[in-house]
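One structure is given here, and the rest of the page talks about it.
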There are 2 protein chains.
Amino acid sequence: MSAIAEPNRLSIIELLRDGPCTVGEIAEHLRLRQPQVSKHLRVLCEAKLVEVHPMANRRIYKLHVQGLKEIDSWLDSFRHLWEDRLDQLDDYLKELQRKEKGE
Amino acid sequence: MSAIAEPNRLSIIELLRDGPCTVGEIAEHLRLRQPQVSKHLRVLCEAKLVEVHPMANRRIYKLHVQGLKEIDSWLDSFRHLWEDRLDQLDDYLKELQRKEKGE
DNA sequence: TTTAAATATTCCTTTACAGGAATATTCTTT
DNA sequence: AAAGAATATTCCTGTAAAGGAATATTTAAA
């Protein structure tokens with residue numbers, strides 16, 4: 001998760017949403033220097049959020065669907081919060097009162 | 001996004017998934033010291049991922065649905081990647097070839 | 001085979017931030 | 001009012017990591 005915390009890396013991910021890119025293209029679009037882009041891509045690769053396809057001289061980067069799916073399935077465990085309309089706070093307060101009486 | 005990058009904060013979020021908690025309870029469950037928990041909660045609050053409900057002596061924290069929804073809707077823009085079965089790489093390679101012939 | 005392009009890596013410096021310890025604040029209880 | 005919970009804040013220190021500059025590496029082109 002910390003991989004997409006860095007703003008420039010988030011931008012890279014969002015840029016790649018529109019399709020694969022080479023390192024140079026990314027650097028140009030985001031107005032970053034090539035070495036930094038390479039470094040960020042390295043981190044994103046290790047986080048399985050991006051994958052490389054060496055093609056002759058260049059290296060084409062694209063989103064790694066697997067990694068994004070994992071974030072999605074993590075969010076899944078929270079979805080009930082806004083689908084069900086249960087008010088957790090009320091329940092908690094009642095629970096609290098119950099405990100305090102018990103003491 | 002950087003709010004949930006920190007491991008302890010991620011744990012807090014996951015703990016609150018099961019319902020509201022007071023600062024002390026969080027500290028106890030996660031084996032963290034109270035001041036650190038307060039600091040993390042501050043960050044999570046500012047990120048709109050968590051909300052406070054002062055209740056007498058204590059402060060009850062719970063998930064802020066809005067913030068989680070925003071992450072979810074951000075992910076929405078990527079969902080077509082694994083729903084449609086389009087191979088972006090092939091398209092990009094063809095595009096690349098086209099450009100190189102043009103030069 | 002030398003040169004040039006595209007990308008990766010290394011080293012250095014600076015900065016952001018997490019944790020620890022101590023203290024301040026707020027509210028309750030006696 | 002005083003004492004004691006529960007929580008927040010401040011100050012300090014160490015460390016991880018991002019950016020800059022220079023350099024190495026790989027592959028294509030001449």
Side-chain angles (χ1 to χ4, degrees), chain A residues 1-16 20-47 49-62 89 92-93 95-97 99-103, chain B residues 1-16 20-47 49-62 64 89 92-93 95-103:
Chain A
M1 287 248 110
S2 62
I4 55 178
E6 210 282 327
N8 288 320
R9 283 199 293 264
L10 189 65
S11 299
I12 292 179
I13 294 286
E14 288 174 341
L15 177 60
L16 291 182
C21 270
T22 145
V23 178
E25 288 174 330
I26 297 175
E28 185 185 4
H29 276 99
L30 302 183
R31 304 298 189 114
L32 297 174
R33 307 188 189 279
Q34 176 267 318
Q36 330 298 341
V37 174
S38 283
K39 288 181 212 172
H40 285 314
L41 286 169
R42 187 173 154 82
V43 176
L44 289 172
C45 256
E46 285 165 355
L49 286 171
V50 141
E51 58 189 43
V52 212
H53 296 268
M55 189 92 317
N57 216 0
R58 8 207 138 161
R59 317 193 76 196
I60 300 169
Y61 284 86
K62 60 178 293 228
L89 192 55
Y92 181 78
L93 290 180
E95 184 75 7
L96 236 181
Q97 277 188 323
K99 273 184 191 160
E100 307 214 323
K101 291 214 170 168
E103 281 170 12
Chain B
M1 287 248 108
S2 63
I4 54 178
E6 210 282 326
N8 288 322
R9 283 198 293 263
L10 189 64
S11 299
I12 292 179
I13 295 285
E14 288 173 342
L15 177 60
L16 291 182
C21 271
T22 133
V23 178
E25 287 174 332
I26 297 175
E28 186 186 3
H29 277 98
L30 303 183
R31 305 297 191 116
L32 297 174
R33 308 188 188 280
Q34 176 266 315
Q36 329 299 338
V37 173
S38 282
K39 287 182 213 171
H40 286 314
L41 286 170
R42 187 173 153 83
V43 176
L44 289 171
C45 256
E46 284 165 355
L49 286 171
V50 140
E51 59 189 43
V52 212
H53 296 269
M55 190 92 316
N57 216 2
R58 5 207 140 162
R59 317 194 77 196
I60 301 170
Y61 284 87
K62 60 176 291 230
H64 188 63
L89 191 56
Y92 181 77
L93 290 180
E95 184 74 8
L96 236 180
Q97 277 187 324
R98 205 184 50 70
K99 272 185 193 161
E100 308 216 323
K101 290 215 170 164
E103 281 171 12

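All heavy atoms count here, side chains included; hydrogens, waters and symmetry mates do not. Per chain, numbering begins at 1; letters A, B, ... match sequence-line order.
In plain terms, the two heavy atoms of A:Arg9 and A:Ala3 that are nearest each other are NE-O, 2.6 Å. Summarising the geometry of B:Leu89 relative to A:Lys62, their closest heavy-atom pair is CB-CD, 4.2 Å, with the distance given to 0.1 Å. Nearest heavy atoms, B:Leu30 versus B:Ile12: CD1-CG1, 3.6 Å.
Between the CD atom of B:Glu6 and the C1' atom of D:dA17 there is a distance of 14 Å, rounded to whole Å. Atom CZ of B:Arg58 is separated from atom P of D:dA5 by 12 Å (rounded to the nearest Å). To the nearest angstrom, P of D:dT27 lies 14 Å from CD1 of A:Ile60.
At least one side-chain heavy atom of B:Ile60 sits less than 4.5 Å from a side-chain heavy atom of A:Leu96. Counting heavy atoms from C-beta on, the side chains of B:Leu15 and B:Tyr61 never come closer than 4.5 Å. In this structure, B:Val43 and B:Leu49 have side chains that are not in contact, with every pair of non-hydrogen atoms separated by 4.5 Å or more. A heavy-atom distance below 4.5 Å is not found between the side chains of A:Gln36 and A:Asn8.
Reading DNA chain C from its 5' end, the first and the last nucleotide to sit under 4.0 Å from a heavy atom of chain A are C:dA5 to C:dT10.
Enclosure of atom NE2 in A:His29 is not indicated, since only 12 or fewer non-hydrogen atoms of other residues, nucleotides or ligands lie within 6.0 angstrom.
Contacts with DNA chain C (heavy atom under 4.0 Å) in residues 32-43 of chain B: B:Arg33, B:Pro35, B:Gln36, B:Lys39, B:His40, listed by number.
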